[in-house]
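Below is one structure, written out as structure tokens; comments come after it.
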Amino acid sequence: MKLKQKTILGVLALASVLTLLPPNNTKAASTSGSTSVSVTLPDVIILHYFSGITLNFNTDIEDPVNESAGSSWTVSWDGTSSSTDELTDSNLDDMTVTATDLDGGTVTVNIPNVWAIRGFSSDGTATVEIDIDDSELTATATGSSATIAMSGEEVDDNNGHVGDPITAALNGIRKTNATIGDVNLTFDFTNAVESGSYTGGQYTITATAV
């Protein structure tokens, strides 16, 4: 009889506990809030350029340049990029050098795709300018005094802006959207009386956020 009473009391106690537990369909307490996100970007300009360019003026020695046939020479060049972010292989394509004043000994050279810019600025553009640091190229032959003078520097963004300086679009940070531009130079061969290699010329391209 005592055993029965304990069993009944145990059942009653369990029933009381189950009664105190919340039903299964009761939702847990929760709260939420929204956070605004903003980003501030600094002025950033990435400039790609070639640290060295060699212009090879080629003409067939057995077929000299004939002025009546048109005043242009075929020019090829190779360059070494100063960055691991290489410009495209199309940079190595042949170019045409136009002789603007054959009698005066000057030619104007358009060198395509030798600089590029990308990044951010207050209005999405940058000024690009070119300065000639060393305008005289000297023949590398020992004892030679033959020289070539370099001038007429311009930059061209291939989007209608040519001169020095120009304003060009940055187009954001992606390399695929970068503005790729050309350089125009004029070479004076008046004092270039020898064939062979001439070295020592240098120009600098500077890009500045607008």
Side-chain angles (χ1 to χ4, degrees), residues 46-117 127-158 161-166 168 180-208:
I46 299 172
L47 172 66
H48 303 264
Y49 63 97
F50 284 86
S51 60
I53 294 173
T54 299
L55 297 172
N56 298 312
F57 290 80
N58 299 321
T59 185
D60 189 340
I61 196 168
E62 310 228 346
D63 184 18
V65 175
N66 186 341
E67 202 170 348
S68 64
S71 53
S72 64
W73 293 348
T74 297
V75 172
S76 62
W77 70 279
D78 54 67
T80 302
S81 175
S82 65
S83 167
T84 55
D85 297 323
E86 299 283 345
L87 297 177
T88 64
D89 291 339
S90 64
N91 299 330
L92 305 181
D93 290 345
D94 286 348
M95 299 173 296
T96 297
V97 177
T98 303
T100 55
D101 182 5
L102 205 58
D103 290 335
T106 62
V107 295
T108 299
V109 182
N110 171 260
I111 312 174
N113 305 333
V114 288
W115 59 268
I117 55 171
T127 59
V128 181
E129 60 182 309
I130 180 172
D131 296 297
I132 291 181
D133 308 311
D134 293 302
S135 62
E136 187 174 87
L137 289 77
T138 305
T140 56
T142 303
S144 174
S145 60
T147 59
I148 298 173
M150 184 170 67
S151 63
E153 66 276 15
E154 290 182 331
V155 283
D156 182 348
D157 70 351
N158 292 302
H161 305 110
V162 183
D164 182 34
I166 63 170
I180 300 177
D182 307 346
V183 164
N184 297 327
L185 294 171
T186 298
F187 293 95
D188 186 345
F189 296 124
T190 302
N191 296 317
V193 295
E194 300 176 8
S195 62
S197 178
Y198 289 73
T199 61
Q202 179 176 294
Y203 66 78
T204 296
I205 292 180
T206 302
T208 305

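Basis for what follows: all heavy atoms, side chains included, without hydrogens, waters or symmetry-related copies. Residue indices begin at 1 and follow the sequence shown.
Looking at N184, its side chain never comes within 3.5 Å of a backbone N or O of D156 through a donor-acceptor pair.
The two atoms that bring S144 and T138 nearest to each other are O-CG2, 4.5 Å, heavy atoms only. The nearest pair of heavy atoms linking V128 to A168 is CG2-CB, 4.4 Å. Smallest separation of non-hydrogen atoms from A207 and I117: CB-CG2, 3.8 Å. Between I132 and M150 the shortest heavy-atom distance is CD1-O, 3.5 Å. Minimum heavy-atom separation, D134 to G200: CB-O, 3.1 Å.
Put simply, CZ on F187 and OH on Y198 are 13.0 Å apart, with the number rounded to the nearest 0.5 Å. Going from atom CD1 of I205 over to atom OH of Y49 covers 10.0 Å, rounded to the nearest 0.5 Å. In this structure, the separation between CG on L47 and OG1 on T208 is 10.0 Å, given to the nearest 0.5 Å. Atom-to-atom distance recorded for Q202:CD and D131:CG is 11.0 Å, nearest 0.5 angstrom. D182 CG to D157 CG: the interatomic distance, rounded to the nearest 0.5 Å, is 9.0 Å. For the atom pair N113 CG and F50 CZ, the distance stands at 8.5 Å (nearest 0.5 Å).
Applying the side-chain contact (heavy atoms from CB on, under 4.5 Å) test to V193 and every residue at least two apart in sequence or in another chain returns A146. Listed by chain and number, the residues in a side-chain contact (heavy atoms from CB on, under 4.5 Å) with D164 are E129, I130, E153 (sequence neighbours excluded).
Checking each of T199, T147, I148 against L137 for a side-chain contact (heavy atoms from CB on, under 4.5 Å) leaves exactly one that passes, namely I148.
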Step by step, would you call I53 with Y203 a side chain to side chain contact (heavy atoms under 4.5 Å, CB included)? CA-CA 11 Å; I53 294 173; Y203 66 78; 3.5 Å; yes
